Peer 1: 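Once you've had a glance at the structure underneath, I'll fire off some questions.
Because the structure is a prediction, the values reported are computed rather than measured. Just follow the structure's listing: the first ligand is 1, and inside any ligand the first atom is 1.
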Amino acid sequence: MTTLVMGILNVTPDSFADGGRHFSLEDAIARGAKMIEEGAEIIDVGGESTRPGAERVDEESEKARVLPVIKELVAMGATVSIDTMRSSVANEAISLGAKYVNDVSGGLADPKMAQLIARNKGVQYIAMHWRGHSKEMNSLAKYEDVVRDVRRELAERTEALVNEGIDPDQIIIDPGLGFAKEASDNWALLKDLERISLLGFPVLVGASRKRFLGELLDGATPDDRESASVAITTLLARMGIWGVRTHSVKPHKDAIKVVERWMS
Ligand code: PMM
């Protein structure tokens with residue numbers, strides 16, 4: 001199965017990776033349209049920055065940022081994902097046609113999220129490994145064995161989601177690189193991702209332009225982490241991962257094509 005590319009459309013003024021360049025509505029839509037043209041299978045629209053230390057955005061501002069963009073992208077025929085921890089935002093996004101709910105908290109931030117997904121069987125739910133909001137997450141990066149601990153916490157989370165009525169088929173899991181993780185934790189998770197896959201759910205990975213790549217590359221800026229991000233996509237595609245969440249689309253699509261041809 002081909003690895004899917006989920007293009008990131010952060011509609012926030014402070015997203016660490018794109019410096020808020022995609023903040024205006026017209027710009028966001030144009031950027032989304034370009035990602036569709038380049039072959040992104042899913043466009044992930046987010047209105048709240050999850051950068052370490054970030055303040056939470058209020059619900060109304062979050063809706064005002066993402067909903068008009070989702071409406072336009074759905075009208076263009078795109079498969080849209082809403083990146084939110086709030087069930088109220090997810091609910092309106094679903095009404096506008098979003099087919100994925102990407103919840104970095106895996107349902108922990110909003111107790112009503114699981115019920116919403118359980119009621120919407122046509123929606124896929126991405127449950128990421130998460131231990132707490134951005135303001136506190138750096139202090140929560142404490143593991144005995146990061147792969148074992150993340151795997152156990154994801155297993156507990158998915159079990160709780162299924163107990164709330166979500167179909168296992170609706171669930172995609174994500175190890176949550178950079179979320180309550182040190183650089184070494186991210187590398188350990190990538191190296192041993194197979195153990196996370198063994199939980200039996202499709203796996204999405206978001207490594208694109210993250211800080212641990214900057215650390216590896218002697219302080220490279222987010223834009224300068226692009227080739228390293230593509231290298232990670234190549235390795236993930238080689239292991240048959242379900243999807244990658246990336247800022248650029250074309251270079252990642254090309255990398256996946258190379259892997260597919262190589263393996264054919
Ligand atoms: N990372 C960010 C935001 N949302 N969602 C998922 N499922 N996985 C991630 O790794 C993830 C995410 C933060 O990165 P960004 O600010 O570059 O979007």
Peer 1: Heavy atom under 4.0 Å from ligand 1: found in V205's side chain, backbone, both, or neither?
Peer 2: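 The answer is neither.
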
Peer 1: For K210 versus G206, what's the shortest heavy-atom pair and its separation?
Peer 2: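 That closest heavy-atom pairing would be NZ-O, 2.9 Å.
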
Peer 1: Show me which atoms of ligand 1 lie under 4.0 Å from any heavy atom of D83.
Peer 2: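 By the 4.0 Å cutoff, the relevant atoms are 3 (C), 4 (N).
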
Peer 1: Which ligand 1 atoms does V104 reach within 4.0 Å, using its non-hydrogen atoms?
Peer 2: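 The atoms of ligand 1 under 4.0 Å from a heavy atom of V104 are 4 (N), 5 (N), 12 (C).
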
Peer 1: List every atom of ligand 1 that sits less than 4.0 Å from any heavy atom of H247, numbering the atoms from 1 in the order shown and giving each element.
Peer 2: 17 (O)

Peer 1: Mind checking whether F212 and W187 have parallel, tilted or perpendicular rings, split at 30° and 60°?
Peer 2: perpendicular

Peer 1: Which ligand 1 atoms are under 4.0 Å away from a heavy-atom of T50?
Peer 2: 2 (C), 3 (C), 13 (C)

Peer 1: Should the pair D174-R245 be classified as a salt bridge under the 4.0 Å nitrogen-to-oxygen rule?
Peer 2: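 Salt bridge flag = no for R245 with D174.
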
Peer 1: Could K253 and E38 be called an ion pair, given the rule that one side-chain N must be under 4.0 Å from one carboxylate O?
Peer 2: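 No, this pair does not count.
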
Peer 1: Using non-hydrogen atoms of the residue, decide whether K210 is closer than 4.0 angstrom to ligand 1.
Peer 2: yes

Peer 1: Output yes when the distance from some N or O of ligand 1 to some N or O of D44 is under 3.5 Å, and no in every other case.
Peer 2: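 Looking only at distances, the answer is no, because the N/O contact criterion of under 3.5 Å is not met.
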
Peer 1: Could you note down all residue pairs passing salt bridge (Lys or Arg N to Asp or Glu O under 4.0 Å) where residues 229-240 supplies at least one of them, sequence neighbours left out?
Peer 2: none

Peer 1: Within a distance under 4.0 Å of any heavy atom of G206, pick out the atoms of ligand 1 and give their elements.
Peer 2: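 This gives 10 (O) as the contact atoms.
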
Peer 1: Find out whether V203 and I172 are in side-chain contact, i.e. whether some heavy atom of one side chain is under 4.5 Å from a heavy atom of the other.
Peer 2: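 Not in contact.
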
Peer 1: Could you tell me which atoms of ligand 1, counted from 1 in the order shown, lie closer than 4.0 angstrom to a heavy atom of M128?
Peer 2: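 The atoms of ligand 1 under 4.0 Å from a heavy atom of M128 are 6 (C), 8 (N), 9 (C).
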
Peer 1: Does N10, backbone or side chain, put an N or O under 3.5 Å from an N or O of ligand 1?
Peer 2: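 N/O-N/O distance under 3.5 Å: yes.
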
Peer 1: Please list, in number order, the atoms of ligand 1 under 4.0 Å from a heavy atom of L204.
Peer 2: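 Checking each atom against L204, I get 7 (N).
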
Peer 1: Show your working on side chain to side chain contact (heavy atoms under 4.5 Å, CB included) between I43 and M6 and close with a plain yes or no.
Peer 2: CA-CA 6 Å; I43 310 293; M6 170 186 262; over 6 Å; no

Peer 1: Identify whether the distance between the nearest side-chain nitrogen and carboxylate oxygen of E62 and R56 falls below 4.0 Å.
Peer 2: no

Peer 1: For the pair E153 and R157, find out whether any cationic side-chain nitrogen is under 4.0 Å from an anionic carboxylate oxygen.
Peer 2: no

Peer 1: Is R245 in polar range of ligand 1, meaning some N or O pair under 3.5 Å apart?
Peer 2: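 Yes; the residue has a nitrogen or oxygen that sits under 3.5 Å from a nitrogen or oxygen of the ligand.
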
Peer 1: Check each atom of ligand 1 against the heavy atoms of D174 and keep those under 4.0 Å away; list them by number with element.
Peer 2: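 Answer for ligand 1: 6 (C), 7 (N), 8 (N), 9 (C).
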
